[in-house]
Number of protein chains: 2
Amino acid sequence: MRRNTWQREAVREALGNNEGFVSAQMLHSGLREAGSSIGLATVYRALADLGSAGEADSLQSDQGEVLYRACTPGQHHHHLICRSCGLTVEIEADAVEAWAHQVAADNGFTQPSHVVDVFGMCAKCSAD
Amino acid sequence: MRRNTWQREAVREALGNNEGFVSAQMLHSGLREAGSSIGLATVYRALADLGSAGEADSLQSDQGEVLYRACTPGQHHHHLICRSCGLTVEIEADAVEAWAHQVAADNGFTQPSHVVDVFGMCAKCSAD
DNA sequence: CGGATGAATGATTGTCGTTCTCAGTATGGC
DNA sequence: GCCATACTGAGAACGACAATCATTCATCCG
Ligand SMILES: [Mn+2]
Ligand SMILES: [Mn+2]
Ligand SMILES: [Zn+2]
Ligand SMILES: [Zn+2]
């Protein structure tokens with residue numbers, strides 16, 4: 001059975017305190033600097049669990065690092081992400097969902113899934 | 001100045017002979033098995049160059065490996081990729097382009113870019 | 001409340017894709 | 001042909017992440 005540990009809760013909370021996407025290593029060093037004794041492997045495990053439970057979204061940075069973000073559970077959505085500060089806006093777009101299904105079907109593909117992310121410079125970062 | 005070597009040409013040709021996305025390591029072992037003495041680092045460098053020259057598209061697999069594919073140059077497009085065999089179809093979708101721009105603008109984001117990939121099981125792999 | 005069970009932890013080691021190093025090679029301009 | 005130097009490639013280094021395993025502690029049960 002799944003046990004409740006302060007480590008899992010610490011990762012969940014740290015994730016919620018971040019506006020944008022963060023890596024396991026970033027979360028770990030942040031927690032350590034705040035005095036926690038949590039281990040890196042535990043942060044990885046907690047993030048993987050949160051991801052598969054639908055409580056966190058993930059994406060890969062250009063450098064191949066996996067980034068996580070607390071996620072409104074239950075609803076399928078995508079993200080608009082600031083390349084400079086990481087500010088992230090959740091996006092719903094039924095039109096894109098339908099388009100992805102249609103494209104797959106038109107080419108004889110079944111069990112379609114898709115990756116859709118929009119990047120840019122947020123208003124604040126654009127002003128700088 | 002950029003020099004022309006048989007190694008670069010070998011990578012370009014090997015990439016063109018592949019239907020779907022392939023990794024640097026896959027290309028390297030394929031070339032080696034065909035008798036080439038090309039080095040792994042050179043394959044990585046050639047692929048990076050082809051990518052920045054717009055002659056190859058790249059994406060990251062779920063495992064974080066970077067995959068490359070010869071690309072019809074000049075035109076912006078996306079990909080429909082078979083999760084099983086790697087068969088890839090190039091897709092153009094002005095509607096999605098427009099949507100991405102609109103979403104960014106609506107949220108005050110400038111200089112928008114986007115990542116759009118559709119995955120599925122191709123007709124042949126669906127039958128198996 | 002104990003005491004037993006085994007899931008969870010974390011320091012460490014291992015893995016693997018990718019990049020770096022650097023001595024040797026070979027391309028392109030002269 | 002000669003030279004400057006871009007390029008190559010074997011191997012070492014790097015970095016994110018997974019696996020290991022002795023230890024800890026959350027949960028269950030009496
Ligand atoms: Mn979607
Ligand atoms: Mn596009
Ligand atoms: Zn920003
Ligand atoms: Zn297929």
Side-chain angles (χ1 to χ4, degrees), chain A residues 1-15 18 20-53 55-69 81 83 86 115 117, chain B residues 1-15 18 20-53 55-69 81 83 86 115 117:
Chain A
M1 78 296 286
R2 160 79 50 97
R3 293 181 181 175
N4 291 327
T5 63
W6 64 263
Q7 287 94 336
R8 267 186 222 283
E9 192 50 42
V11 170
R12 195 202 309 271
E13 186 191 335
L15 199 62
N18 273 91
F21 281 83
V22 290
S23 69
Q25 317 234 17
M26 290 163 67
L27 281 176
H28 178 248
S29 61
L31 286 163
R32 281 298 183 116
E33 285 171 15
S36 173
S37 64
I38 194 170
L40 179 58
T42 300
V43 175
Y44 274 103
R45 285 185 286 241
L47 286 174
D49 287 351
L50 288 172
S52 59
E55 293 187 55
D57 278 324
S58 63
L59 59 83
Q60 297 182 35
S61 75
D62 288 339
Q63 290 73 286
E65 207 176 8
V66 179
L67 306 180
Y68 292 89
R69 180 173 189 268
I81 303 154
R83 273 189 297 265
V115 175
D117 293 303
Chain B
M1 78 298 286
R2 162 79 50 97
R3 292 180 183 174
N4 292 327
T5 65
W6 63 264
Q7 288 94 335
R8 268 187 223 282
E9 192 48 44
V11 170
R12 193 200 311 270
E13 186 192 334
L15 199 62
N18 273 93
F21 282 83
V22 290
S23 69
Q25 316 232 21
M26 291 164 65
L27 281 177
H28 178 247
S29 59
L31 286 164
R32 281 296 183 118
E33 284 169 18
S36 173
S37 64
I38 194 171
L40 179 58
T42 300
V43 175
Y44 274 102
R45 286 185 285 241
L47 287 174
D49 286 352
L50 288 171
S52 59
E55 294 186 55
D57 277 325
S58 64
L59 58 82
Q60 297 182 34
S61 75
D62 288 339
Q63 289 71 278
E65 206 176 10
V66 179
L67 305 179
Y68 291 89
R69 180 172 189 268
I81 305 154
R83 275 189 295 263
V115 175
D117 294 303

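Note on naming: letters A, B, ... go to the chains in the order of the sequence lines (proteins, then strands), and numbering restarts at 1 for each one. Please read all numbers here as calculations on a predicted model, not as lab measurements.
- Rounded to whole angstrom, the span from the CD atom of B:Glu9 across to the P atom of C:dT27 amounts to 14 Å.
- Atom CG of A:Leu31 sits about 10.5 Å away from atom CD of A:Gln7, to the nearest 0.5 Å.
- The structure places CG of B:Asn18 at 14.5 Å from OH of B:Tyr68, a figure rounded to the nearest 0.5 Å.
- Considering only residues two or more places apart in sequence or on other chains, A:Arg12 meets the side-chain contact (heavy atoms from CB on, under 4.5 Å) condition with A:Glu9, A:Leu50, A:Glu55.
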Take B:Arg2 and B:Asp49 through the side-chain contact (heavy atoms from CB on, under 4.5 Å) test and state the conclusion after the steps.
-> CA-CA 11 Å; B:Arg2 162 79 50 97; B:Asp49 286 352; 4.2 Å; yes

Evaluation steps, side-chain contact (heavy atoms from CB on, under 4.5 Å), between A:Trp6 and A:Glu13 | CA-CA 10 Å; A:Trp6 64 263; A:Glu13 186 191 335; over 6 Å; no

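- Note that the first and last nucleotides of DNA chain D, 5' to 3', having any atom under 4.0 angstrom from a heavy atom of chain B are D:dA4 to D:dA10.
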Starting from the C-alpha separation in whole Å, work towards a yes-or-no answer on side-chain contact (heavy atoms from CB on, under 4.5 Å) for B:Leu47 and B:Leu15.
-> CA-CA 9 Å; B:Leu47 287 174; B:Leu15 199 62; 4.2 Å; yes

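- Taking five base pairs at each end of the helix from C:dC1-D:dG30 to C:dC30-D:dG1 and finding the rotation axis that steps the C1' atoms of four pairs onto the next four gives two axes whose angle is 40°, to the nearest 10°.
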Can you give one letter per nucleotide of nucleotides 8-13 of chain C, going 5' to 3': B for a protein heavy atom under 4.0 Å from the base, S for sugar-phosphate only, - for none?
-> SBBB--

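- Note that the CG atom of A:Leu27 and the CZ atom of A:Arg32 stand 13.5 Å from one another [nearest 0.5 Å].
- With rounding to the nearest 0.5 Å, the separation of CD in B:Gln60 from OG in A:Ser61 is 6.5 Å.
- Contact record, B:Ile81 with B:Phe21: CD1-CE1, 4.0 Å, taken as the closest heavy-atom pair.
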Please tabulate, for the side chains in residues 33-43 of chain B, all donor-acceptor contacts under 3.5 angstrom to protein atoms that are two or more places apart in sequence or on a different chain.
from	atom 1	to	atom 2	distance (Å)
B:Ser36	OG	B:Ile38	N	3.1

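- Here the CZ atom belonging to B:Arg8 is positioned 10.5 Å from the CZ atom belonging to B:Arg3, to the nearest 0.5 angstrom.
- Within a heavy-atom distance below 4.0 Å of DNA chain D, the residues of residues 61-68 of chain A found are A:Glu65, A:Val66.
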